Every structure is written in C-alpha cells, then in structure tokens.
Visitor: 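Sending over a structure as structure tokens; questions will come in a sec.
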Amino acid sequence: MIINHPLLGPRDSAEFVYLGAAELMNRPDPETASADDWHDYAYLRDNPAGTHRELWFHEGGDRSILIVTRDTTTHEISAVELARRGAPK
Amino acid sequence: MHDLTPITALGGTAPRTDTVGDVTLTEVPDVSLASVAARVGQEDLCATRLAKLLGATAPEPGRASSGDPYAALWTGPNQWMLSADFNTHEDIAADVNAHLTDAASVTEQTDAWVCFDLTGPRINAVLELLCNIDLTRFDTANATRTSIHHLGCFVISTEAGQSVRILGPRASAGSLHHAITTAMASAL
Amino acid sequence: MTQKNRLDGGQIDRNTTLNFTFDGKTYAGHPGDTLASALLANNVRLMGRSFKYHRPRGPLTAGSEEPNAIVKLRSGARQEPNTRATTAELFEGLAAKSQNRWPSLAFDAMAINDRFSNFLTAGFYYKTFMWPAAFWEKLYEPIIRKAAGLGSLSMQADPDEYDKGFRHCDLLIIGAGPAGLNAALTAGRAGKHVILADEDFRMGGRLNAETLNIADMTGADWAAHTVAELSALPNVRLMPRTTVIGAFDHGIYGAVERISDHLATPPTGKPRQILWRIYAKQTLLCAGATERPIAFENNDRPGIMLAASLRAYANRWAATPAQRIAIFTNNDDGHRTAQDLHTKGVKIAAVIDTRPDAPRSHDYEVLRGAQISDTKGRLGLTFAEVTLSDGSNRTVECGALGVSGGWNPNVHLTCHQRGRPTWDDTLAAFVPGGTLPPGMTVAGAANGTFSTHGALKSGADAARKALGIKGRAPAVPDAEDAPITQTPFWYVEGCSRAWLDQQNDVTVKDVKLSHQEGFRSVEHLKRYTTLGMATDQGKTSNMGGLAIMAELAGKSIPEVGTTIFRPPYTPTAIGALAGRMRGKEFHPTRLTPSHFWAKERGAVFVEVGNWLRAQWFPLPGETHWRQSVDREVTATRASVGVCDCTTLGKIDVQGTDAATFLNKIYCNGFAKLAVGKTRYGLMLREDGIAMDDGTAARLAEDQFVVTTTTANAAKVYQHMEFVRQCLMPDADVQLISTTEAWAQYAVAGPNSRRLLQKIVDSDYDISNEGFPFMACANITVCGGLRARLFRISFSGELAFEIAVPSRYGDALMRKLMEEGEEFDVTPYGTEALGVMRIEKGHAAGNELNGTTTALNLGMGRMVSKAKDSIGSKLSERPGLNEADALMQVGLRPVDAGDKVTAGGHLMNATGPVDAKHDQGYVTSAAYSPTLGSMIGLGFLKDGGNRMGETLRLVSPVTDLTVKVEVVSAHFVDPEGERVRA
Amino acid sequence: MRYSGFKVIKEALTGHKGWKPAWRDPEPKAHYDIVIIGGGGHGLATAHYLASVYGQHRVAVIEKGWIGGGNVGRNTTIIRSNYLLDGNEPFYEFSLKLWEGLEQDLNYNAMVSQRGIMNLIHSDAQRDAFIRRGNAMILNGADAEYLDLAQIKQEYPFLNFDDARFPIKGGLAQRRGGTVRHDAVAWGYARAADSRGVDIIQNCEVIGFRIENGTCLGVETSRGFIGAGRVGCAVAGNSSRLMSKAGMRLPIESHVLQAFVSEGLKPVLPGVITFGAGHFYVSQSDKGGLVFGGDIDGYNSYAQRGNLPVVEDVCEGGMAIMPMIGRARLLRMWGGIMDMSMDGSPIIDRTHIDGLYFNGGWCYGGFKATPASGYAFAHLLARDEPHDTATAYRFDRFRTGHMIDEKGMGNQPNLH
C-alpha cells in the first residue's frame, strides 16, 4: 500500500508500523472515567468493513504518527493527516 | 587532549573505499552530527536562529542543505540533522546548542551513524537495488529516510544521478557496507 | 544430430548450433529456440507424464500456460523441478530430464493408474482409506505421498543469488505485443517514464508467431523496429524476460526479471533473477489472449496441441511436431494455422471444422460439420477418428493435431484485487470488467480486441487516455482487422475421458461426477476435482470445466461464475521473493563498540536480537563454558569486571515537560527526581502489564537519558512516540534514540571506583560522597574526552556505567583493561551478566514476558496512586490482583547438587503432579559460583508468603524432578550494602 | 449413503451412477430450535455435534455463500495442541483427540495426518519458554518432546545448520500434531450433519437479528425471516460485521493472513516445521505442494488478499531456514480474514441478548480448533452452559483481567 504522507508525499506502507484504531487517541480522563470506560477504550473496537480511521507510525521515515482514513474492504485511502495536534510544518 | 584513538564504523583506523566499474563507495568518518528539534511553542524562534546558523532557512521536508560549516537535513516535523566537519566541530552538539539555547533540544548524533558516499555515473543502477526511492525525481538536495536491507538510512542526493550520501546505523555498518557492495557487483 | 522437423525461416540463429540433452540423449538446436521448440524440431513429442494417471504427454502450448511439457532443468544444486519446456530458453549444454515417471519416460510403471482410472475418480480418496484409523499414516498415505508431486528438489542450498529492486514509472505496460508496443511508442514519444515488461525473451508477442503484416513489413519486423526505437528513448525502460506476477494495492506491481536463466550459470556477482517492485502511476495491461482447447475423447496424446501454438512453432521457431498434421477447429483461426503450415510445406491431413458453413480451401481438405470422436497412438498421436456431418466415421492419419476452440483474454491481473471479469456474448469469453485494480486499464486482445489493427489502436488510445496526452493521435499503421465472432464449442458430445486439466488429469467425467455429488459452485468444483490447481493454474482448463458445469446446471456460464485468479501470474521462484535476505544476511548484524577488541580476546559471541554480544571470554585451558563464566562472576565480585552494555536502548528525552512525560510513561514517580540523579523505572502497557524496565538519568532540568532493555528498545521508543504525539500532543517533549551514539560499559566490583578514578579526569569527584549510588553526570575522561557516568548496578556490586562516543569505545575498553591490570580486571559477557543479575534477583526478559504485572514482580507498591500513568488504572482489575497472585521468588535446590531448569513448573511437595495443581514456573536459572549451587527465579502462587517452603520443580519434557526451597530472590547482598559502598 | 472402499469399487464397476449429493439443498423452514450462522468449519461442526451428541435435530446452518468458502478453505491445514496456558491447552488437546477419531465419526476421509509438528528454537530465552510450554502440555495430558540440536540434525538434515544468522539450538516437537485436508473437514461435517437432518442452507445471507425485549427470536435473511429458539454465530473473520447488527462491539479486529502453496514436489518434509527466528512455517500436502505461511499483514482488512512485503518476509524466513527451496516455485497465494482478538484467544460465550450466542476471535488458530469449537459451542447452545474445556473463553475476561495471552502481546490484536 502507499500512504500519502502530508509532509513527504507518497510512501510505501512498509515504512510504517500499524498502531491500530484512531480511537486509541481518546484515552479516558483518569479523573472521571469508570472501569467500563477503561475496558471499552482498551478492548472494544468498531472494526468496520468500510471506512476506518487508524494510526500508522512512520518508523522508517520521519517518525510522525499519521491518522489514515482507509476502506478496509478495498484498502483505498481517502485521507491522511498528522496525529499530533497543531500539525507542525 | 585525550589519548583515545578512534576507529571507524567498519572497525578500521582508516576509512574504507570500494570501487566497481565507475562507481565508488567511500566510508566518511569525519562527519559530526547533531539532531535539532524545536521546543514546542518555540518553533519560530528556532527557525530564526537556525536560519542564522545555517545562513539560509532550514530545509523543507524531503530536502537537505549544504553550507559551511553546517549542512542540514530535514528529519521530521520541526526537526533537523545538522552536520559539520568532525575535525573542526567534534563537539557539534555543544556548538549548536550555544546558538539555539532554549529554542531547541539538541542531541549529539555523530556516532549513532555511519556515513558513506556513493559516487559515479551509474549510482542509480545500484540504488534501485537497495532502496525504494523514485529516482526519476530524486533531484540534487533531495533527501529521504528509507530502508536498505532492513536498515533505516538517510539518503541525500548531493548530485542527481552522480552522487549520494548515505547515513546508516553505525552498529550495522558492516551489514550496510555488504549490502551496498553486493548491489554494486550485481548492477555494474 | 539432424533436426528432422526443422522448417524454413523463423527467428532462430541457424549459424549457431546449441547442443543440449533431454533424458541423457543429445540434440541440437539454435539460439532463439525454447527447449520445446528444439525438441519438436528433433522429432521429440513425448516430454512428460501427467500427475495422476501418468499419461504420456507432449506440449499443448508454446508459452507459459503449458500444462504438459514440464521438465527437470539443470542438475546438482541448480536442479530446477517443474520447468516449462515451452518457455525455457535454450543454451549450450542445457540438460533436462523428464519427471514423474519410473523407470523411463517411454515406459512408466505408474501408468498402471490409467488402467484403474475408473476407481480413481474425483474425490475417491474422501470415501475410503478410513479403516483401520491407524493405517492412514502407516499404509495409505505413504503410498499416496510416494506417488505425489512432480519434480524433486535437489535438497541442496540454492547456489544462486537473487536481488530485489524498486522501479517507479508514469506508465507500466504489461505485455509487448502489438497493443503494448504501440502504447509504449505513444507514451515514450510523449516523454513519459515508461516501463514495458514482457515475459518472453523476444518482444512482439503474437507478432512473432504470425505471418501478418503491419504497414509494409512483417509483424515480427515491425516489432523489432519498434523495440529499436523504444530502446533509444531514455525515458523508456524495456524489460524483456520479465513476468509481472501480481497487481498489489495502490499501483504496486511485483515483477520477476530472469537475468541468468538463459545462461549455464550466472556471471560472478550477478543474480539469477531480480524481484522488482514497480510503482506505477498508471498501468496498461496488454497481456494478450490464450487459445482454448476443445475436449474430446483422448485429447491428451503427445502431438495434440493448440492450433495457434502449432502456428507459433512453425512461424517463429521453424519447428513442427510432425510432417502430417490435422486441425480441429470451431473458428477461422484454425484455418489460419492450416494455411501457414501448408505454406511451410507441412502436409495438412484435414481441417475438421465443427461449423457446417466452414470456409473451404484449395490447399487442403476441409471436413465441415465434423468432430473428432477419438484418437490413437500410445506415446504419440497416430490417428484421429472423425465423425463426419452425415454421421459416418473416418480415420485421419496424422502425427499432430491442432485444436482451436477460440480465444480467452488474459484477464488474470485484473482479478488480483478480487475484481471479477464480465462475460462477453459475442466473444463467448470473459473480458476485464467489474472493478479493476485502481490505475489499471486494459488494451488489445486482453480486452477482447483480437484484430492486429484493433490491438495497435487500442494500445495507443489507452496510453493517451491514461497519461492525458493531448493533441491529434498519430495514424495507426495498416494491419489485419478481421472481425472476430466466437461461437462456443467446448466439448464433443458423449466424450467422457476427455481432458480439461491435462496436468491434474481432470476429465469431463470428473466434472459431471462433481455436479452429481452436489459440488456445484465453482469453488467446490475446483477444490473437489482439483481442476485448475496444477502448475499451469488452469489457464487452458478453467473455462472448459466452467462451461460443462453451466450446461449440467442448466445455467449460463456467467451465472455459474468464475474462479478469480490469484497472484502470481506464473509460478515464481521462492528464492526471488527472498532476495539477499538469507544465510548470515537474513537480518542485519549489530556490532558493539568493543566487538573488534572482544574478537581479538577470543570471545564467544551470541545473537541477542540483531546484536552480536560477547557471551563469555574463554581463557587458555578452559574447556567448558561454565569455567569461563564462573571465573568472570567470581572475579567481578572479588575485584572488578567490565561488560559492554551498549546494547541497552538509550533514549534522549528533552523539553520543559520531560519530567511530566516520564511521570506518564513510568508507573513510579519521576517529577521530583533531582538533577544529577538516576532512578529505576517500571513501564506498564495500558492494559496494566509490565512492558519494560530501566533507568532514567536526569542530566539537566529539561533532559533525561532513559535506558530500556536490549530487547524492547524499539518497542519502548515507539510507545513513547505514541504517548507524546497522540496522548500528550501539547507537551514540550523531544525524543531521539542515542543507543548507538555512545559506547557504554558497566564497570562492576569492589574495585570499580579505583579503576575508574584512573580513567575519569581528576576534576570530577567520584568518591562515594561526591558521586553516591544512583548519581549521574556529564564528565570527561582520559584527558578531556566528553563522557557520561552513571552509578547504577545490575550485578549488585559497587558499579558504574561509563559512556563515551562510540568511535572511542574500542580505545576505552583497551584502556580499562590496561589500567585495570593491577586489579586483575576481568571482561565479562552476557552469561556472567545473567548469573549476577539472577543472584541479585533483578527481573529481565524472562520475567518481563508480557503477562506479568508489577505485583507479580514484587513491585506492586511502585505503581503510584498519587498520579495517573499509563496502565495504572487497568492494573487494578481483580484478575490481576488475586489473593494468591504469582509472586517472584528465589529457588534453591534442597540438594545443592541438583539441577534447576528454567521452564520447569512448581508443584507442592506432595500431592498430584498435573496442570490443576500447578503452583507456578521457573523463569530463569543459572549456576551461582557465589552460592555454590544452581539457583532460579520463578513465579509462585502467593510466593510472598511461602518463604522456606519446599516444592517440587518438575520438567517432564526434560525428564527432571527436584526438590527446591523457596527463598528471597535477592540471593546476594539482600540489604544492598555493596552497591552503596 | 455410507462411504467405503467397497462402495467405491461397486460404483466404479457400475458407472458411478449411484453417488448422491453429499448434502441436500433444502429450502429454509420458518422456525428451527437452533440456527447457526456461518457454514464454515466451526458452524458445520457445531451442527454435527448438536445432532450427534446433543440430540438436536431441528437445526439449520445458514451460509451467505458456499459452505467451506471462508477460512476452513483458506488455511494451512495444521492441527496441534501445543499451547501454554491452562485456559487453552485442555481445549486444544480435546480438539486434537476429536481429530484423531474424526474420519470414523464422520465416515469421511479428511486425511488427518499426524506426521508431527516441530517448533525450532534459536535462543536460550526461547528454549526456556518452549520447555515451559512443553511441560504445560504434558501436565495437561498432551504429548511434547524436547529435541536437542543433534536430534534436529538427524530428523531434518536439510535445514540450514551451516550459515544460519540465528542458529538452531533445539526444538519442541508434538508428534501427534500434523495436517488435515481442510476442505474435506467442511464437507465431512456438512455431510454428517445433513445425514442427521440438519438443514444446510447456502446462499442465504443474514441481514439482521430480530430482537424483542432483549431476546433474539431469529434472523432476517436474504431468503426471509427464519425463527429460532437460539441463534449461534460462528462467522470468524466477519464477527464484528455480524454482531454489529445486534448492536455489539467486540474485542476483535479483522486482519488478513496470507497463505502460500508451491508447485507439486516429491515428498521432502516429514511434518510441520516452524521457524523460531522469523515468520515462516511449512508442511507438505499429499499432492506435494509446500504449504506455508507467516505473519498477518498487520492492518485491519476484510479484503481477503494481502500485499507483497509480507510475501517477501515469509519467503525470506523460508530461505533462511531451508535454502534448498530457492528454486521451488510459489504457485498460489491467497488471504483469509482473521478474527484477531485482544489477547489472542477465542470467545465462546453467551451475549447480553437472550438466545444469542457467539463463537469467534480465533485469530489464526481456528482450523485446528474446529472440532472442539463445534463441540463446545454445541454444548453451550444445547445446555446453556460452557463446556468444561471452554470455560475461560468469556467476553468479560477483559473486564475482570483474566486475559489468556499466550504471546504476552497485550491488547494489540495484530501482534498476537
């Protein structure tokens, strides 16, 4: 697969490490979260057959973590963005 | 002055050179390296000071800049690798840090890497056996991180189609050297 | 060495003769020949045996779709099973053998299977060989396996090398026939980066096999001219001998280039083949079409071939399987073959055409509305039995029979992303359709455009469209533009032993039986009969089977569906897919800074991940590794030892929020760690399980150096990036690995300070007061070299870790040895390191096994409740905090002479020994020269409360049972006085 | 109709006219006591044991395509019970015992071939882990054998002992492990279940569940509503897809696992061999093909196809350990969709919806589990309580912290 890196352009997915669903960024608030919140965060996944937002770590590149929107039935990629907020130049 | 004698990444006292046909691979030990990462919130200040230090704005993503004493290479968002002549700038991290101070985090990287120069008219025939770079568009001063036989390397185009600089993990210098020289024998 | 069946003309170099052998007999051929064409020219039709019935077989085709002419090429370590004679390029000294026969090709004992074929129908083996149960492995299966397989491996390592490479282009054109060549011209002249790949060694595709003209020259000449122009264009790369094997995601194609397969052996340093990963912005598939056979009784005899293949042998290779040939066809293309053969002086016995209105000819007899009912000839065709339109029979004498059932577009690569082709009624064939791989278009015969003119035009048009080339399209050279209609004719009524899949011996009868037994979906048919599962991947057989199944089911072919083609397009050498990553080069090797020195010292090395580390340093007279290791441990504990620990991961953590960041990463607190101090830290995964441990040294208010275990360095670095970028995006933290930048050595033992005082520059005070336990600092050594010093201990002794830039590591080690002589300094390896850490009860990889918690490791109290850190919440789950949770303990054999085995399980002193009564397991074990017995670390249920208890350590798989006593894991210096000395 | 050598001969002599379809092609009835969704190995096995062991005969298996078209027809056919953890080992050992009697039970030759499985060992830490595992196997009543280097050399002389990057140091063998003709497993179970009255309904896709007041009353399908006393889902690979129709999120991700077969070769491999320092395992089929595989591609996918990097990774592993296969040719590659669970172990459990039961999360270990999975799921569906060997396969184990994590990779499915 080819991931169109927002800064570097098309890069082979082999340069990346797949980290899983993008929901992993929504870590529960330790102050308020319940045991169920933690369970759901750590263990439950939508796992859709279709559009999926997921994290790819560019370990063999600039070490950015990207949020990739990809169709899990066709592998077509519709969007790629940097995971880190205030995406730097 | 201390009394410890350095060895090159390939374990020699002198750098190694290999030639196949009209392409030459040279180990280059006299390079000092420092990583520069802008502090969060200090990106602009870092850019300004870096520009002053480099005599030009720091390279954009996928690009490298040459200069005296410092050359630079974009390595990540708000992050660069600076290089200089080891003989004059062995403690490059301290030197650079003195200029950037609290605008950036500076880390010595000199001996994290082994440096090779690959030169000659047919280097692309060698490179296409080693790494996934679109050589139809790899112009001078382009630079990229890529994988060579499972080793994460930086490849910098110092003269399109004529010469590249390869930075690879120092501990694997032998494996990297073997990969490049076998590719030279195969392609040339 | 006559070439009895060599005709005039052809694209072979008659001035050069190549000698080769088949089954030991020597023959002659010419450059440009394939093994098959050369054998045919030498009047050899019999080239192989079928898989199941061992029927005699000759080539069916002249290309990569060949099911029958499969041979063992070369010998010794280069022996290459199942090679198609139809694509193997002839070279001087080529040696081939027939396979799957015994004792000889002409007389094959296993041909007895053919007699019993009635018992060996599709799936018969599912219905028997069941009694008695044990006999399957003992009796039935060995017999079946003995008969199984085709060619054999040499069982020696492949002596050839393979390369892998990457190429990028604007347009990848697959197939260099008329469509592909004209597309390449169009794109090449427009200045685009073009790659033109073709599996053949001569570009031109069918043009080389036909007598048709393009413009004012023969098709073959036009192809040659075009190739010449293309090779002059710098932006066009021609890749002959290159098979595009697969269409993968986002325009990435796999292609195998055969560099040396047409040579006796590869030149020095050159590979046998190269696997190219081609990154194409656009792709044009011009793979042509494959002729399809007609099934009739005994249609598999040597000499029975596809008609257009006969034509190719005659026109391109000037070879014919016989001097008297018949043609069986349902379309005009069969007549084209007859005409070409006739022109070449081959006698046409008859053209048997299923069509009542078939065209007549002055040159040969045409039997209209006739069909072949049977054939004769044991090892090669001698007669064809023909049923004429009036129902009468006639015997036609012929040494070869060309069969033409029409053409199937080569849609294979369009299916590699699971798109399905669509049915075209006028062609009665599947054509590319549905969803093609993104960026792919199809032109020429592969798209159902069969005429030469159509192919030329569609190739050019497709290239212009794909690349958005503007302007007037150049004229298409004149060429044959005959309209093609194909009326399907799949098999002759009433035939039963009529072969569909010739290699796997699947006949019309088998398909009928499959339907009768309810295996009616295409996938069931394929799996039940093995139709299309042979090395030819069903290129000539799938359609026939499909058509018959459709007829039986009373459905149309598209209703029955089609099996989708999978990569690779043709079978691909496993070596090519592996490339150089084999032997010692399987993975890169990482050497420590002291490696070259250690090698001089005669160290024994061990693989630790990709690192090579010194395992121990044997001295003269030491005959067993234990002697060396025991000495290294004793000497270190008695005076001072040095160990290269560069391999531990080192991550530079900087930024104003560095401390906050570490507070999140580690389960224990770091915010208050003073500058100049180091602290042990335990990292949890978010699920509360221990991930890694190490130390963090605070070199400045905003700078820490974090160490990880050797094994987890990359994983921890990645985890930190996730936390930094995804969970703390606003924090001011910068990370970078410095693992290889610094050579780091542990200097351990009561004399370690005294040794280091000779190295560290005098302006640094490393006394116990000036540099206490867990201190760290930037210092200089040996007269001004920048260095780092940490007072940390893995061995339990007074110890330091000292780091200098890697290039000086070799010199520093030699210096330490030299300056340490007065203390009998001892270098120690990973074994002694392991022994000492077990003696001290430090957890390592075997304890941090991905299932253990801080509690299990005896560090439950370290998990700070005062702050949130990764994993702290989920570590509170009841299942991870049960009353009798496993706790790390030390184990000593009750009888000091007994062995302690890592991997052994712990059982109570009495009671049953089984899984239900399992009390825990041993994680690490070693002989402790300090205690004079083996010792172990392990996890024991409620271990914290069972000190002094005697247990049984059982290891049935290594046949061991010993009594062990539960003791503290800190065998040495439990109060930790030495490290603070 | 009973299959036998005699029957084969009789039919051969009488023109094979007597062979009947291996299973009927019935129209769905309005209601069944138990409806199983998924005509794969696990679903068909469940039906067989429901009918043959638990006396349930009003049972239907509904399959959206053709039976055996999913992972039971896409795997690398290996059976074994070499597991470490108490939650797993008794279950897989039970499965292996069922394999050993399968042909006689089904009257169908699925070619259960116990030619052994050998896990190669390349480091001391790996040896310690495998010895612990071998002991766990024996303590659970299974067979295991530790082999040192000399024994490995004797049994597998063709392995790379001379210039290996990661030298072989030993191996853990399970002699009772082996391979099975995978398609035949689906067909055999289907035929046996059908003969006991189970309706196998192909080309019938589930569109949704009919759930009222927290109880599942049946399934809406492409061929209409089918009522059911209990509904069992066994659609590993598509579990999340199906259960989302019941409003459930699962501790599962779908990933593609590729498998490969070479051209037919004369027999060279005695049994199954797994490489311990890379991603490669291999056996040789009765037709002579080397059947091999490696790691999953590693990203969520329902595409049933993989990509080149993993193909190369697997072949690199193969060449590293068996450099003799360099000139053997890869004939076909394909992909299957794996239910990768959060601890690498399966789930066989009730759901929070009455009458709706779940079987999935098999990762890439589903094939060897087929008989026990069917048996245990049948037990759960018939008795509404877990089978003794499957008590740990609960949904709530992640909530309570009782994970069954053989590999110790934690809640990252693509690492299991």
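Throughout, a chain's letter reflects where its sequence line sits, starting with A, and its residues are numbered from 1. Everything quoted here is computed from the prediction, not taken from an experiment.
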Visitor: So what's closer than 4.5 Å to chain D heavy atoms on A:Ser13: side chain, backbone, both or neither?
Guide: neither
Visitor: What are the residues of residues 407-416 of chain D, in order of number, with any heavy atom under 4.5 angstrom from a heavy atom of chain A?
Guide: D:Asn411, D:Gln412, D:Asn414
Visitor: Counting only heavy atoms closer than 4.5 Å, note whether D:Ile252 contacts chain A via side chain, backbone, both or neither.
Guide: both
Visitor: Only heavy atoms, only distances under 4.5 angstrom. Which residues in residues 295-306 of chain D are near chain A?
Guide: D:Gly298, D:Tyr299, D:Asn300, D:Ser301, D:Tyr302, D:Ala303, D:Arg305
Visitor: Restricting to non-hydrogen atoms, name the atom on A:Ala49 and the atom on D:Arg241 that form the minimum distance, rounded to 0.1 Å.
Guide: CB-NE, 3.2 Å
Visitor: Is any residue of residues 346-359 of chain D within less than 4.5 Å of chain A by heavy atoms, and which ones?
Guide: none
Visitor: Any chance you could lay out the side chain to side chain contact (heavy atoms under 4.5 Å, CB included) test for A:Met1 and D:Asn307, step after step, and finish with the verdict?
Guide: CA-CA 7 Å; A:Met1 292 193 290; D:Asn307 277 296; 3.7 Å; yes
Visitor: Does any heavy atom of chain A fall under 4.5 Å from the side chain of D:Ser244, the backbone, both, or neither of them?
Guide: neither
Visitor: What's the spacing between D:Arg399 CZ and A:His39 NE2 if we round to 0.5 Å?
Guide: 4.5 Å
Visitor: Non-hydrogen atoms of chain D under 4.5 Å away: do they reach the side chain of A:Trp38, the backbone, both or neither?
Guide: neither
Visitor: What residue, out of A:Gly20, A:Ala21, A:Pro48, A:Ala35, has the most heavy-atom pairs lying under 4.5 Å from chain D?
Guide: A:Pro48
Visitor: Do you know which two heavy atoms are closest between D:Ser240 and A:Asn47, and how far apart they sit?
Guide: OG-ND2, 2.7 Å
Visitor: Taking NZ, NE, NH1 and NH2 as the nitrogens, is one of them in A:Asp40 or D:Arg249 under 4.0 Å from a carboxylate oxygen of the other?
Guide: no
Visitor: Heavy-atom distances under 4.5 Å only: say whether D:Met340 touches chain A with side chain, backbone, both or neither.
Guide: neither
Visitor: Show me the pairs that pass salt bridge (Lys or Arg N to Asp or Glu O under 4.0 Å) and involve residues 56-65 of chain A, at least two apart or across chains.
Guide: A:Arg63-C:Glu721
